[in-house]
Amino acid sequence: MPKGLHGRWCALTNAAGRLSYRPMASNTFVLRGDFCYSETPASLVMREDGYLVCVEGVSRGVFPRLPDEYRALPLFDYRGKLVVPGLVDLHTHAPQFAFRGLGMDCGLMEWLSVHAFPEEAKYADTRYAENAYAQFVDDLVKGPNTRSVIFATVHRESVLLLMDMLEASGLVCMAGKVNMDRNAPDGLCEKDGEASLLQTRRWLAECAARHYNNTSPILTPRFVPSCTDGLLRGLGKLQKEFSLPLQSHLSENAGEIALVKELYPDASCYGGVYQRFGLFGENGRTVMAHCVWSGDEEIALLKKNSVFVAHCPQSNTNLASGIAPVRRYLEEGLAMGLGSDVAGGVHTSIFRAMQDAIAVSKLRQCLVAHHEKPLTIEEAFYLATKGGGAFFGNVGSFEAGYECDILVIDDANLAPRVSLPVKERLERAVYLSDGRHIAAKWARGVRCAIG
Ligand code: GUN
Ligand code: FE
């Protein structure tokens, strides 16, 4: 250590091999444990008793022995525990957390009008929102996800409350003020496209003024039936102006698709309506939830525009939507991750989404497409981590250069035998672990309080 340096400093070598000293940030450390992460959809990297090096929130890789240059870094010793990347929820609705489990005998359109819309109207009241959103964020903090892409409601002030709470949680989230100016009940339906766009601009300015580190806005037209042409067109312009990400729903359910066809008889596919208004990935990152019924033309559009698909198997089952052709999407190389779609889905954990993704892929093979191979555990894990993580950048793996979202699972009492191979421990954790087994988690190299 050079003379005159006080406090905690660490020596690090850069890519050219030059040694430098820097003040030790709390997001710079080494973590020892049994690692499992994805490189490709087909392959898992497993490293029993390895060392993950995290420098300023970013992975330098997982090593079998700790390289000398990192020996001075603080060490978190999780020997014997399973360490995987934090899970990514590519699609969920924060205000629907409060009524999970209700209306699970309805189809999508009935469920929206009987349950989802009346509940969301309550978020005009910020006191209601504060209480309900606190429960949602508390659940996320205690679960295995470190990243979420979130629908809020149309109400600007409540959305900001949610974003403040997400920021305080240490998780990394995109959250959206919903836009809807037709086919919605009073209290939820904005006056017109202009009013909705004005509120959206105000909300974006308020987000910028808050200088969040981990929370960012995402444009959120609910879906085509909820938004007039003027609103969709205006959001397309806004996306271009601010290079914003955008989320919506696409080709989820027969009832919804029939309504879109009625509204746009000239459109050759549902996705074509988003594209017509400049909302289909051309101007920024776009994620579309579901894509259960996308045909050849829509799939080609998704691919051409690098639109992410959020596969939400539990919701698709609960709301009688169908089974998405995930095998085809993987073969086509579409960008894809998993979504809980709470409250179409009941569970926030993306471990649960992995279970459901595998289960429905088997039903699809039995009932719909005999030639389509079901998902493997490797593929489901990839979608839950690196696949969805790509929407955030280099996220969802421990390869060098990836942001360190880390989940440590104490799986010692999940299996009667202690010496299972890492892959089998991962499988058990996916199906059997819950919040009680989470020993620690980090997002972007910063430790999250897990409650
Ligand atoms: N389509 C439009 N809104 C919604 C929603 O809240 N949930 C689901 N699953 N689909 C939608
Ligand atoms: Fe949804």
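Start at 1 and go down the list; that is how both ligands and their atoms are numbered. Everything numeric in this text was worked out from a predicted model, so none of it was measured.
- Taking a cutoff of 4.0 Å between a charged side-chain nitrogen and a carboxylate oxygen, E190 and K177 qualify as a salt bridge.
- Of all N/O/S atoms in H249, NE2 sits nearest the Fe ion (ligand 2).
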Could you go through R444 and N27, starting from their C-alpha distance and side-chain angles, then the distance that decides it, and tell me whether this counts as side-chain hydrogen bond (donor to acceptor under 3.5 Å, both in side chains)?
CA-CA 8 Å; R444 282 188 169 152; N27 60 356; over 6 Å; no
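- D341 contributes atom OD1 as its closest N/O/S atom to the Fe ion (ligand 2).
- Taking any N or O of E120, backbone or side chain, none lies under 3.5 Å from an N or O belonging to ligand 1.
- Here the side chains of W293 and E298 are not in contact, with every heavy-atom distance at 4.5 Å or above.
- Scanning the protein heavy atoms around atom 8 (C) of ligand 1, the nearest turns out to be E252 OE2, 3.5 Å.
- Of all atoms in ligand 1, listed by their number and element, those nearer than 4.0 Å to a heavy atom of H290 are 9 (N).
- Using a cutoff of 4.0 Å between basic side-chain nitrogens and carboxylate oxygens, R276 and D266 are scored as salt-bridged.
- Residue H93 approaches ligand 1 through these ligand atoms, each under 4.0 Å from one of its heavy atoms: 5 (C), 6 (O), 7 (N).
- Proximity annotation for atom 7 (N) of ligand 1: of F151, F223, W111, W111 comes nearest, heavy atoms only.
- Look at H93 and the Fe ion (ligand 2): an N/O/S atom of the residue is under 2.8 Å from the metal.
- Between R328 and E372 there is no salt bridge, since no side-chain nitrogen of the basic residue lies less than 4.0 Å from a carboxylate oxygen of the acidic one.
- Inclusion of D341 in the set of residues having an N or O under 3.5 Å from an N or O of ligand 1 is warranted.
- The nearest protein atom to atom 6 (O) of ligand 1, hydrogens excluded, is given as R222 NH2, 2.7 Å; this is a heavy-atom distance.
- Heavy atoms of L108 found under 4.0 angstrom from ligand 1 belong exclusively to the side chain.
- Ring centroid separation for the pair Y123 and Y133 comes in under the 6.0 Å cut-off.
- At least one side-chain heavy atom of N179 sits under 4.5 Å from a side-chain heavy atom of L235.
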